[in-house]
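Given the structure is predicted, the values throughout are model-derived calculations rather than measurements. Just so you know, ligand 1 is whichever comes first in the structure, and atom 1 is the first atom listed for that ligand.
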Amino acid sequence: MIKTDVVIIGAGPVGLFAVHQLGIIGLKAEVIDNLDKIGGQCIELYPDKPIYDIPALPECTGESLTKNLLEQIKPFKTNFHLNQRVESISKEDNHWKITTNKKNVFLSPNVIIAAGVGSFEPRKLQIKDAEKFENNGIYYSIKEKNFFKNKKISIFGGGDSALDWAIELSKFADVTLVHRRNEFRGAPHSSETARNLQKKGKVKIKTPYQISSIEGKDKIEAIKIKSEDGKEESIPTDCILGFFGLIMKLGPILDWGLNLDKKTIPVNTDTFQTNKEGIFAIGDICSYPGKLKLILSGFHEGALAARACFKLARPNEKYRFEFTTTSKSMQERIGVKKSD
Ligand SMILES: Cc1cc2nc3c(=O)[nH]c(=O)nc-3n(C[C@H](O)[C@H](O)[C@H](O)COP(=O)(O)OP(=O)(O)OC[C@H]3O[C@@H](n4cnc5c(N)ncnc54)[C@H](O)[C@@H]3O)c2cc1C
């Protein structure tokens with residue numbers, strides 16, 4: 001069991017800046033995210049796209065913003081618990097007990113929900129036996145590429161992930177790339193590389209085809225694919241990789257007894273507290289009159305929620321407003337070196 005001042009659900013830009021706002025007032029946070037990486041939508045959906053409306057940063061990308069936010073919270077040595085989804089939150093005396101799907105348990109007087117549009121989950125194959133073979137022949141992400149060495153792999157999808165992995169895995173595996181349209185949606189350069197590999201016999205490309213069945217009892221032996229005009233083909237296959245994009249699900253958040261308004265959590269704008277004492281919501285997931293789903297709004301929301309967390313984490317201390325420019329204690333927490 002991990003005890004802390006604040007548990008933050010969501011390592012998107014807003015959750016990351018909340019770590020900073022908590023850190024400078026002396027509160028420790030543990031951050032949990034369902035993804036295998038830090039950065040939320042900025043990293044998962046648009047790492048290379050330019051952002052032009054972060055205050056005092058005329059231009060940055062989703063990736064560089066995340067990198068800078070991580071740099072800014074470095075002094076607080078925050079623990080990130082990735083690849084796990086918060087499943088339940090329940091009250092235990094004066095604390096909240098937060099449990100993840102990996103059965104990790106956290107105890108904290110405060111929870112900040114910075115869960116954006118919910119957890120990102122891969123869109124899955126909708127055919128017979130797809131569930132049975134999931135993680136045992138069917139995969140929707142790659143953790144260790146060497147696992148696929150010398151295997152017969154059928155990759156599905158027409159976007160960047162499908163193309164990039166087809167190109168990468170073709171270096172040491174037998175790859176067939178299957179897409180339901182003739183044109184790929186991914187970067188033109190990647191599409192061209194895949195077509196060139198096809199010409200050299202290093203990748204097989206099947207378009208416009210869709211999977212129609214999986215063959216094999218305990219493990220996958222082959223798949224059948226079908227074209228629009230009904231032509232069917234069998235492809236010997238050890239592993240299927242599906243890259244059909246992500247869906248966002250509020251998921252377990254719906255069951256935590258919080259007031260909800262459509263897919264958002266209404267908050268009081270003095271503190272960003274929800275209808276439950278000690279549970280706050282900031283960033284894209286919260287709603288209030290005038291809410292703007294922008295990163296800069298989430299930063300402000302995190303600053304206010306952090307101050308409200310102080311009251312429950314340090315009930316016997318008085319919170320004092322200070323500036324980072326002049327506060328010695330804040331500067332010590334940030335690790336500013338004293339000059340004589
Ligand atoms: C293409 C695109 C362009 C954009 N451009 C701009 C722009 O120019 N300027 C701007 O200000 N904004 C822009 N936005 C919006 C901006 O990205 C969001 O406002 C911002 O990401 C919200 O941050 P967040 O931290 O609230 O949530 P998110 O970034 O969505 O992060 C939430 C995190 O919570 C995790 N999570 C959810 N539920 C759970 C759970 N139960 N357990 C564990 N983890 C969970 C998710 O995995 C996710 O990583 C853009 C968005 C898109 C899609």
Side-chain angles (χ1 to χ4, degrees), residues 7-21 29-66 68-70 73 79-90 96 98-106 111-122 141 159-160 245-256 258 260 263-265 267 272 274 279-288 291-306:
V7 166
I8 299 179
I9 304 172
V14 175
L16 293 179
F17 193 64
V19 170
H20 180 270
Q21 291 297 296
E30 301 278 328
V31 184
I32 308 169
D33 202 297
N34 197 35
L35 291 174
D36 58 357
K37 41 185 146 6
I38 295 169
Q41 291 175 53
C42 296
I43 283 294
E44 193 61 40
L45 302 181
Y46 59 103
D48 306 325
K49 281 206 168 68
I51 310 175
Y52 301 104
D53 57 355
I54 303 297
L57 266 181
E59 185 180 337
C60 64
T61 61
E63 191 174 8
S64 69
L65 176 70
T66 305
N68 282 339
L69 285 165
L70 279 172
I73 61 171
N79 294 322
F80 286 90
H81 308 268
L82 300 179
N83 272 318
Q84 49 195 311
R85 195 166 77 156
V86 174
E87 289 295 323
S88 66
I89 300 184
S90 56
W96 291 105
I98 297 103
T99 311
T100 73
N101 60 344
K102 292 208 174 151
K103 302 284 171 249
N104 284 329
V105 178
F106 299 78
V111 181
I112 295 183
I113 305 175
V117 277
S119 50
F120 297 90
E121 284 170 28
S141 67
D160 285 318
L246 298 163
I247 38 174
M248 288 135 200
K249 277 192 179 168
L250 268 197
I253 295 173
L254 295 168
D255 307 322
W256 298 342
L258 298 167
L260 293 170
K263 287 184 173 174
T264 62
I265 305 172
V267 287
F272 289 86
T274 64
I279 303 188
F280 303 83
I282 60 174
D284 278 12
I285 193 120
C286 77
S287 59
Y288 52 88
K291 164 72 185 170
L292 284 177
K293 285 196 181 185
L294 285 176
I295 296 166
L296 69 88
S297 318
F299 288 169
H300 158 81
E301 293 155 9
L304 264 72

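Heavy-atom minimum distance, L296 versus P55: CB-CD, 4.0 Å.
Residue-environment remark: NZ (K249) stays at or below the threshold of 12 foreign heavy atoms within 6.0 Å.
The one candidate from I279, I112, V31, I89 that meets the side chain to side chain contact (heavy atoms under 4.5 Å, CB included) condition with I9 is I89.
Listed by chain and number, the residues in a side-chain contact (heavy atoms from CB on, under 4.5 Å) with L82 are D33, I38, F80 (sequence neighbours excluded). In this view, E44 and K37 satisfy the salt bridge (charged side-chain N to carboxylate O under 4.0 Å, His left out) rule, not counting sequence neighbours.
The list of salt bridge (Lys or Arg N to Asp or Glu O under 4.0 Å) pairs with a residue in residues 79-90, not counting sequence neighbours, reads R85-E87, R85-E121.
Ordered by chain and residue number, the residues placing a heavy atom less than 4.0 Å from ligand 1 are I9, G10, G12, P13, V14, G15, I32, D33, N34, L35, G40, Q41, L45, Y46, I51, D53, Q84, R85, V86, A114, A115, G116, V117, G118, S119, F120, G283, D284, K293, L294, I295.
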